[in-house]
Amino acid sequence: MKVTGGLIVSLLPALSQCAAIDRRQNGDGPQGGADATQGDLGARPPPRFPFPVIEFPTAKETVVLNETMYIQPGQVFDGQMKRYERAEGSCNEQAEGTDADTVFNLLPGSTIRNVIIGKHQAEGIHALGDAWVENVWWEDVCEDALTSKGLNTQLRVIGGGARNATDKIFQDNSLGGKFNITGFYAETFGTFYQSCGNCLNQAKRNVTIQNVIAINGTRMGIINPNYGDEYRLKDSQIKDLTRMVDKEIGNNVQTVPYTVGTGPDEKYALYNESRDAITAFEGEVLNQYTPEEPYEWLSEFWTGGA
Ligand SMILES: *[C@@H]1O[C@H](CO)[C@@H](O)[C@H](O)[C@H]1NC(C)=O
Ligand SMILES: *[C@@H]1O[C@H](CO)[C@@H](O)[C@H](O)[C@H]1NC(C)=O
Ligand SMILES: *[C@@H]1O[C@H](CO)[C@@H](O)[C@H](O)[C@H]1NC(C)=O
Ligand SMILES: *[C@@H]1O[C@H](CO)[C@@H](O)[C@H](O)[C@H]1NC(C)=O
Ligand SMILES: *[C@@H]1O[C@H](CO)[C@@H](O)[C@H](O)[C@H]1NC(C)=O
Ligand SMILES: *[C@@H]1O[C@H](CO)[C@@H](O)[C@H](O)[C@H]1NC(C)=O
């Protein structure tokens, strides 16, 4: 669903909430100048899980939540590869969920790690400000897996995967935000990344996608060149994809955006299959990151022994 009346109600509270929070001093300006993502990641210890991994983990335990779990600023929530779902969770692909429908909401400066989001959840994760999403797996995506909201929100996704996303996996509804997606595995999806085409507040969004494996999808992206979106894709393996990046004229009046083109260019859809090593996936993961100190318990969740 692209036209989503629920956005009005769900975006505005997040915007006002986030506007009150100080931006990091080393962060991007309103339109994204310097690259805060790299600086922040440099300060973090190396990931303790491999990526990309093309087999889904099998949870041993399911945690049923009666309400959305909020991850607090500064908190690192480690789900230990348990499956999380909402007690009343159900998928309605026709409706854009609100922050009350999610399994997790991420507050600015939080990290969620080693989590499996169960099937039939109305909404997966909403990030209400800058956050890290590490080794998170979606077993069956409903409307969106991960939605970015708020002002200039920067998300870093490392590892993990999603399957069966009829519509989208990553949805950027932020005002001028940035996504960095590394080492993710996508299997059966509509759109891998979408910059909101008809949110009430629109600005340039910026996404960098690298070292992902994407199989059986409609497209790797939808962006709005009229707002100056930038989309980068590199070092990735793709199979059974209908098309790469669609460019639409987005709007802020909640009407249906219209497509003006598909494929790379020099300003918005910034990828080149040969230069950027975008290749056909042939069953072998080419650039897998293997941690020096993996979590000891991690391999128990991959029956095939990842
Ligand atoms: C978008 O992100 C890329 C990668 O971080 C960065 O090089 C580029 O300068 C950003 N663009 C803008 C307009 O901020
Ligand atoms: C994105 O995140 C990856 C993984 O942490 C990092 O290596 C890369 O430098 C980041 N890219 C940008 C443009 O910030
Ligand atoms: C969720 O609600 C059920 C039924 O009211 C209750 O039995 C259960 O303890 C609750 N779970 C949590 C985690 O609060
Ligand atoms: C994929 O989604 C469809 C429609 O929501 C559902 O019927 C089907 O069971 C899902 N398949 C898997 C493997 O999750
Ligand atoms: C590929 O995606 C389509 C939906 O677009 C789905 O019906 C089909 O089952 C998927 N194929 C495989 C092998 O998963
Ligand atoms: C892509 O990159 C290759 C190698 O750098 C170059 O020869 C080619 O012209 C580029 N294609 C486009 C469409 O820019």
Side-chain angles (χ1 to χ4, degrees), residues 23-53 76 109-114 127 130-136 146 148 151-161 170 172 174-185 192-193 195 202-213 220-221 223-236 238 243-245 247 250 261-280 285-294:
R23 300 294 303 171
R24 282 189 314 270
Q25 292 309 299
N26 65 344
D28 277 3
Q31 294 294 312
D35 192 345
T37 310
Q38 298 222 27
D40 287 343
L41 284 167
R44 288 167 78 91
R48 298 182 64 185
F49 49 88
F51 58 79
V53 170
V76 177
S110 63
T111 300
I112 186 166
R113 185 182 287 163
N114 303 326
D130 297 0
W132 287 263
V133 176
E134 304 180 347
N135 200 30
V136 174
L146 173 63
S148 175
L151 184 62
N152 296 331
T153 293
Q154 296 194 23
L155 295 189
R156 303 84 172 162
V157 177
I158 308 177
F170 300 107
D172 197 338
S174 71
L175 183 59
K178 195 161 161 178
F179 252 98
N180 177 355
I181 302 162
T182 303
F184 196 80
Y185 175 55
F192 186 89
Y193 163 88
S195 172
Q202 296 281 41
K204 173 202 277 287
R205 303 190 182 97
N206 191 346
V207 59
T208 302
I209 300 165
Q210 61 246 304
N211 200 13
V212 300
I213 298 179
M220 290 303 290
I223 58 171
N224 306 316
N226 58 316
Y227 291 116
D229 286 357
E230 286 181 26
Y231 178 108
R232 289 176 175 78
L233 174 66
K234 60 183 180 187
D235 302 329
S236 292
I238 292 174
R243 44 193 197 277
M244 291 290 274
V245 178
K247 287 170 276 189
T262 296
D265 57 57
E266 287 175 1
K267 235 174 149 176
Y268 311 109
L270 297 161
Y271 67 90
N272 169 326
E273 294 187 21
S274 55
R275 181 196 64 198
D276 297 324
I278 301 166
T279 57
V285 180
L286 294 181
N287 302 304
Q288 192 173 53
Y289 166 82
T290 355
E292 272 174 32
E293 293 181 83

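Since the structure is predicted, the reported quantities are computational estimates derived from the model, not experimental observations. Whatever order the structure lists them in is the order used to number ligands and atoms, beginning at 1.
You'll find the ring centres of Y231 and Y268 outside the 6.0 Å limit.
Within ligand 2, the atoms closer than 4.0 Å to a non-hydrogen atom of I158 are 5 (O), numbered from 1 in the order shown. In the vicinity of K178, heavy-atom distances shorter than 4.0 Å reach the ligand 1 atoms 2 (O), 5 (O). Interface of Q210 with ligand 2, defined as ligand atoms under 4.0 Å from a residue heavy atom, comprises 1 (C). Ligand 1 places these atoms under 4.0 Å from at least one heavy atom of N206: 1 (C), 2 (O), 3 (C), 8 (C), 10 (C), 11 (N), 12 (C), 14 (O). In the vicinity of T208, heavy-atom distances shorter than 4.0 Å reach the ligand 1 atoms 4 (C). The distance from ligand 6 to the heavy atoms of S274 drops below 4.0 Å at these ligand atoms: 1 (C), 2 (O), 3 (C), 4 (C).
Aromatic ring orientation, F51 versus Y289: parallel (interplanar angle below 30°, classes split at 30° and 60°).
For atom 2 (O) of ligand 6, a protein heavy-atom neighbour is present inside the 4.0 Å cut-off. For atom 8 (C) of ligand 6, the nearest protein heavy atom is under 4.0 Å away. For atom 11 (N) of ligand 6, the nearest protein heavy atom lies closer than 4.0 Å.
Exactly one residue among M220, M244, R232 makes a side-chain contact (heavy atoms from CB on, under 4.5 Å) with Y271. That residue is M244.
Here's the thing with E230: one of its N/O atoms is less than 3.5 angstrom from an N/O atom of ligand 1. The distance criterion of under 3.5 Å between nitrogen or oxygen atoms is met by N180 with respect to ligand 2.
With a heavy-atom cut-off of 4.0 Å, R156 does not touch ligand 2 at all.
No hydrogens or angles considered: nothing links the side chains of D276 and Q210 as a donor-acceptor pair under 3.5 Å. For the residue pair D235 / N211, no side-chain donor-acceptor distance below 3.5 Å is found, with atom types taken as modelled. In summary, the side chains of T111 and R44 do present a donor paired with an acceptor at a separation below 3.5 Å, with no hydrogens or angles considered.
Of the protein's non-hydrogen atoms, R275 CB, 4.0 Å is the one closest to atom 5 (O) of ligand 6. Ranking protein heavy atoms by distance to atom 13 (C) of ligand 6, first place goes to N272 ND2, 4.6 Å.
Using 4.0 Å as the threshold, R232 has no heavy atom nearer than that to any atom of ligand 2.
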